[in-house]
Amino acid sequence: MSRWDELGDDELMAELAEAVAETVDDPEVTERRRLAASAAFTWRTVDEELAELLHDSALDAGAAVRSSGDSPRSLSFIRGAVTIEIEVTGSSLLGEVIDDDASDEPAAVSLQRPGAEDRVTETDASGFFRFDDVAPGPVRFVVVRGGWSLTTPWATL
Amino acid sequence: MYQVGCVTAPLCGTMHLMDTTEPLATLVPAAREGDQHAWDAIVDRFLPLVGSVIRQHRLSEADGDDVSQTVWLRLVEHLGALREPDALPGWIRTTTRNECLRVINARGRMRPVDPQSEVGLDAVVDDIAHEDLLAAERRQVLRDALLELPAARRDLLLLLLDDPPVPYEEISARLGIPIGSIGPTRARALDQLRKITALRGIGPDPVGGGN
């Protein structure tokens, strides 16, 4: 096969014609995704403290081969002294807020998703929290305690 | 006709056309400052790229919707950190691929391959000649590169590829460019396309190209 820079304009156009001929894009799907993408902009904020994804078991090497769909998926996020651990089993979600400078007061945890009301719960004395009936799709968490708040990056459940 | 995402205004009506041809160096800072039109222009420009990566991973329609939405949400939160607007296509490609893998893995869609079984991955590969795989990958690379072109240039190439051929007068009217500039714009678009594909290191050896 020729290198791209060795192809003349007409040859490149001929290859393009072949490449383009085999694609299929459902206009309805495209339009639905375009609207969702446009609406994503309403989530823009300038002052949130964003946590980093520390680990996602679904990105582990070999996860595809090992995964049976039964083992829980675990995600963790970190910023400074605070770590947020999430374990997803089916539609249930168990979380833990680990705060090295922990005070005794509970943290408020919001589960956010596009097009839905935030769901809010509080951590128990050990820092655990739980959400049930969580459908697949993009989510993020916002943890608020005393003087700080922390937002995780979006992830697809 | 190859659908490139501008469904509401086939081939991106004039307004879209102007927006999506703005350089990323203009669009990205504008979106960062909260300009919804700039954001929509970025979406129009790269939605086809996101769709292409999703299609490569053969996700269900619903999973594809989820991945697409997550990618755009991630971009909203990433805008502030994106110092080099030209890095955007690469960021979108990588993020979309990662989200596809996460969804595939998290939902256990991929069946484990039994090493004892003869009917594994090899069987699939045997069905398709090696040369065909390379050619298929090459066509995919070309489509991806096409999606990274500014919409005006992409639309011109697509119109020129249409079968039966679209008369130059009509191309001129639909894209709002003089007939005399169709030829030179085609040449520039193809040059840009070569650079995009070359950057990805795919040419003589399509497999293992760095995309």
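In what follows, chains carry the letters A, B, and so on, assigned in the order in which the sequence lines appear, proteins first and then strands, with residues in each chain numbered from 1. Reckoned from all heavy atoms, side chains included, excluding hydrogens, waters and symmetry mates.
Interface remark: B:R186 contributes side-chain atoms only to the contact with chain A (heavy atom separation under 4.5 Å). If you measure heavy-atom distances from A:A14 to chain B, you find no contacts under 4.5 Å at all. Only the side chain of A:L50 comes within contact range of chain B, with heavy atoms under 4.5 Å apart.
In terms of non-hydrogen atom pairs under 4.5 Å with chain A, the most contact-rich of B:L161, B:L101, B:D65, B:V71 is B:D65. In terms of heavy-atom pairs under 4.5 Å with chain A, the best-connected choice from B:D66, B:L73, B:T70, B:L190 is B:L73. Ranking B:Q36, B:Q69, B:E99 against chain A, the residue ahead of the rest is B:Q36, based on heavy-atom pairs under 4.5 Å. Highest contact tally toward chain A, considering only B:A31, B:A62, B:A187, is held by B:A31 [criterion: heavy-atom pairs under 4.5 Å]. Here A:L157 is the residue among A:T45, A:D5, A:V88, A:L157 with the most heavy-atom pairs under 4.5 Å with chain B.
Around atom CZ of B:R188, more than 12 heavy atoms belonging to other residues, nucleotides or ligands sit under 6.0 Å away.
A:L59 approaches B:N98 most closely through the heavy-atom pair CD2-O, 3.8 Å. Nearest approach of A:W154 to B:R102, heavy atoms of both residues: O-NH1, 4.5 Å. Nearest heavy atom pair, residue A:A37 against residue B:W39, reads O-NE1, 2.9 Å.
The existence of a salt bridge linking A:R44 and B:D35 is excluded, since no basic side-chain nitrogen approaches an acidic carboxylate oxygen closer than 4.0 Å.
The salt bridge (charged side-chain N to carboxylate O under 4.0 Å, His left out) analysis of residues 73-94 of chain A, with sequence neighbours excluded, yields the pairs A:E49-A:R79, A:D56-A:R73.
A distance of 8.0 Å separates CH2 of A:W4 from CG of B:L193, quoted to the nearest 0.5 Å. Distance check: A:L16 CG to B:L158 CG gives 8.0 Å after rounding to the nearest 0.5 Å.
Contacts of residues 74-83 of chain B with chain A at a heavy-atom distance below 4.5 Å involve B:R74, B:V76, B:E77, B:L79, listed in sequence order.
Just one of B:V67, B:V43, B:I54 meets the side-chain contact (heavy atoms from CB on, under 4.5 Å) condition when paired with A:R33; it is B:I54.
For the pair A:R34 and B:W72, the NZ or CZ position fails the cation-pi test of under 6.0 Å to the six-membered ring centre and within 45 degrees of the ring normal.
Side-chain N or O atoms of B:R143 include one that pairs as donor or acceptor with a backbone N or O of A:A19 at under 3.5 Å.
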